[in-house]
Number of protein chains: 2
Amino acid sequence: MKYTIKNVAKIANVSITTVSRVLNGEKGVSPKTRRRVLNVIEELGYSPSASARTLKTSLSKTIGIAVPDTLGDFYGEVINGIESTATENGYNLIVSLNHHIIKEELAAVNFFKAKKVDGAILVTTLGDDDYVRFLIENGFDIVLLDRDPHGLKVDTVKTDNFHGGYMATEYLLNLGHSAILFIQGLSYLDSSRERFNGYKKALKDKGIKRDDTFVLDGDFTTKSGYSAIKRYLKGHGLDFTAIFAANDQMAIGAIKALHDKGISVPEDVSVIGFDDSYMAPYVIPPLTTIKQRREEMGRVATELLLSRINSRDERKKTPRQVIVPVDLIERESAIPISSKRRR
Amino acid sequence: MKYTIKNVAKIANVSITTVSRVLNGEKGVSPKTRRRVLNVIEELGYSPSASARTLKTSLSKTIGIAVPDTLGDFYGEVINGIESTATENGYNLIVSLNHHIIKEELAAVNFFKAKKVDGAILVTTLGDDDYVRFLIENGFDIVLLDRDPHGLKVDTVKTDNFHGGYMATEYLLNLGHSAILFIQGLSYLDSSRERFNGYKKALKDKGIKRDDTFVLDGDFTTKSGYSAIKRYLKGHGLDFTAIFAANDQMAIGAIKALHDKGISVPEDVSVIGFDDSYMAPYVIPPLTTIKQRREEMGRVATELLLSRINSRDERKKTPRQVIVPVDLIERESAIPISSKRRR
DNA sequence: TTGTATGCGTTATCAC
DNA sequence: GTGATAACGCATACAA
């Protein structure tokens, strides 16, 4: 029931070489024979064995992607961007989830190696840089997404987190707020840290001295945003007028925590998020946020990777860092401070 | 830089057969030799070529999963369940997204075939049954997730959609509601249809005659839930007291649409969703919903598949249909009708 | 306990 | 324009 090139050859009355030529669209086959072969292939529903091909050519037409998980809008959309670009170019995807666990990341590497992927995209990986270096030394073309190069010679694609953090904070500042809470995400991630840096810089530029107690821990989940604010309120009461959360999910959690205490958004407290997730427009009130072009990041990363894979040039192109711009999406969760003062 | 079994053999001063034995953990190798070989493997960072292995054994230790996309909570969690179970059992994952497009589903089939996956899990596929049949005839072990067998001899895993729909509706009914809107999801999906059937049955059992205008179209997106209610309100005004949405996202969209018209949830209108998505507890008001065990579905499907793959038995086990139970999660978006009557 | 030889399904090299 | 054949890296039947 499983046909091989040999079967096709026999039935079409040609050599396997000819079949192979047809398969790969090479010239040097008469239109007539080509037709015949194609017919047999169609009839049999034959498809060539990828493993035999890979074994022979050491090219798999496959790219590996390592991603923490598939939860939340971010990774899902990034994957979509990667997948469609890959597919358009005839490449397939092998996905490895690592659940934010370094050991599993390492497993992915061996997996990719064994599968002979032509290249890999590492999304938000946290492993130390040795891990990335290892991959490079093993001759893999790779690109890092949502992660800094840390001095390594790799292509990277990331959101302009710093500027996004700056914009968000500046926006609140211009609205008249100065007591602005920041809920950070996983603090060991570059993206979270840079948003934080943007926050700090914006405050500094306005000459506002930063209060360390205004920086709350979160982990990018809605729950963590909720808990952070709930805890803060219990400890400090309402001594702030605005919140900048490092992503929308935490912002939504924060709004809920405020709501539970009878504090209204945006009348009492303005909130701004980061991502522009699907839910943002439907939150009550609709969430003002920094839009991150997630799918585009996936696309760009894939294009970078494929261009690298297909570069015959031995002295590979120098590493490229692309920074995807962000936009401020104004909705209703942040308003001027003057319009409240209800406390 | 790329090592083969031959390199390992030479350096360890043994035959490739011995290396192969070590690799596969077979007995019949002296502890001493095994050690030595293992050391060389470690040193070289050698990992066996999956393609050569697959070519030889026609076993890839890989399962393919075809899924519409990775957006929203549902697919993400299902994939997580599949992935962890697969990994635990030494299987790897090849993911194919089809964006709800039949043609791309078909492409996935060929992909799986070429990659010689040992089995496949098809999630929410919509292709006609021939497509599934084709896969079966080609000797693939497959299991369908979130899809009915439609008379085919395949394992399936699905949520108890009918009962879930029934429970949700009954719950509203018991709260005193009788004018209950239903927002359906993609109507060609089994899951959406069954939730609808549950809704109809519950109404019927209570002797309430169903109003066709009470059934609104949606596509499982938040936006579609929002639009559906907005449109309905414009056409009919507020002639209902409750809404059952076929998933949480649409429920959230619906709440927003009501809110925009100054209609309060749950005081004026009760809303119930389906899924128990991550966002459900953080919506304002927290969403009452039917919990779907997404990750478990992924786990079960994978276990089913692996057991089938590993069944030496030629006359394969008869098809199994597992229905994963649902739970009603009471939160605050649905309340008794008596406590309002504010209109 | 260890090794030799064959073949899996392709592509590539060379001949015709 | 077409075909025979070696090789890719591994697992395995068979020897030793």
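Every value quoted in this text rests on a predicted model; they were computed, and no experiment measured them. The sequence lines fix the lettering, A, B, ..., with proteins before strands; numbering per chain opens at 1.
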Self-check item: Presence of donor-acceptor pair under 3.5 Å, side chain of A/Arg34 and base of D/dG1
Solution: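 By the distance-only test, no, there is no pair.
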
Starting at atom [atom1] of [X], determine the distance to atom [atom2] of [N], rounded to an integer number of angstrom.
X: B/Ile5; N: D/dC8; atom1: CD1; atom2: P; answer: 14 Å
X: B/Ile16; N: C/dG3; atom1: CD1; atom2: P; answer: 11 Å
X: B/Leu59; N: C/dC8; atom1: CG; atom2: P; answer: 16 Å
X: A/Lys6; N: D/dA4; atom1: NZ; atom2: C1'; answer: 13 Å
X: B/Lys56; N: C/dA5; atom1: NZ; atom2: C1'; answer: 11 Å
X: A/Asn24; N: C/dA12; atom1: CG; atom2: C1'; answer: 11 Å
X: A/Arg21; N: D/dG1; atom1: CZ; atom2: P; answer: 10 Å
X: B/Ile41; N: D/dC10; atom1: CD1; atom2: C1'; answer: 13 Å

Taking the minimum atom-to-atom distance to the side chain of [X], which one of [options] wins?
X: B/Ala52; options: C/dC14, D/dA11, D/dG9; result: D/dG9
X: A/Glu26; options: D/dC14, C/dA12, D/dG3; result: C/dA12
X: B/Leu55; options: C/dG3, C/dG9, C/dT11; result: C/dG9
X: A/Val14; options: D/dA13, D/dG3, C/dT2; result: D/dG3
X: B/Ser49; options: C/dT1, D/dC10, D/dT2; result: D/dC10
X: A/Thr33; options: D/dT2, C/dA12, C/dT2; result: D/dT2
X: B/Leu23; options: D/dG3, C/dT1, D/dA11; result: D/dA11

Distance test, side-chain N/O of [X] to OP1/OP2 of [N], below 4.0 Å:
X: B/Tyr46; N: D/dC10; value: yes
X: A/Ser30; N: D/dT2; value: yes
X: B/Ser20; N: D/dC10; value: no
X: A/Arg53; N: C/dT11; value: yes
X: A/Ser15; N: D/dG3; value: yes
X: A/Thr17; N: D/dT5; value: no

- Query: For A/Arg308 and A/Pro319, which heavy atoms make the closest approach, and how far apart are they?
  - Reply: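 So the minimum-distance heavy-atom pair works out to NH2-CA, 3.8 Å.
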
Lys/Arg N to Asp/Glu carboxylate O, A/Glu42 vs A/Arg35, below 4.0 Å: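 A/Arg35 and A/Glu42: not salt-bridged.
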
- request: Indicate yes or no: does A/Glu88 engage A/Arg299 in a salt bridge with an N to O separation below 4.0 Å.
  value: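 Salt bridge flag = yes for A/Arg299 with A/Glu88.
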
Over all strands shown, is B/Thr57 touching base, sugar-phosphate only, or nothing at heavy-atom distances under 4.0 angstrom?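 If one applies the 4.0 Å heavy-atom cut-off, B/Thr57 turns out to touch the sugar-phosphate alone, with no base involved.
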
**Asked** Do the side chains of A/Tyr75 and A/Thr124 get nearer than 4.5 Å, heavy atoms only?
**Response**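 Sidechains of A/Tyr75 and A/Thr124: in contact.
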
| said: A/Lys158 and side-chain hydrogen bond (donor to acceptor under 3.5 Å, both in side chains): which single residue from A/Asp146, A/Asp148, A/Asp190 fits? | reply: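 It is A/Asp148; the other options fail the test.
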
Judged by each residue's nearest nucleotide on DNA chain C, which is more toward the 5′ side, B/Asn13 or B/Lys116?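 Closer to the 5' end of DNA chain C: B/Asn13.
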
Inset, instruction - For B/Asp219 and B/Leu186, indicate whether the former's side chain and the latter's backbone hold a donor-acceptor pair under 3.5 Å. - result: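 Not confirmed, B/Asp219 side chain does not pair with B/Leu186 backbone.
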
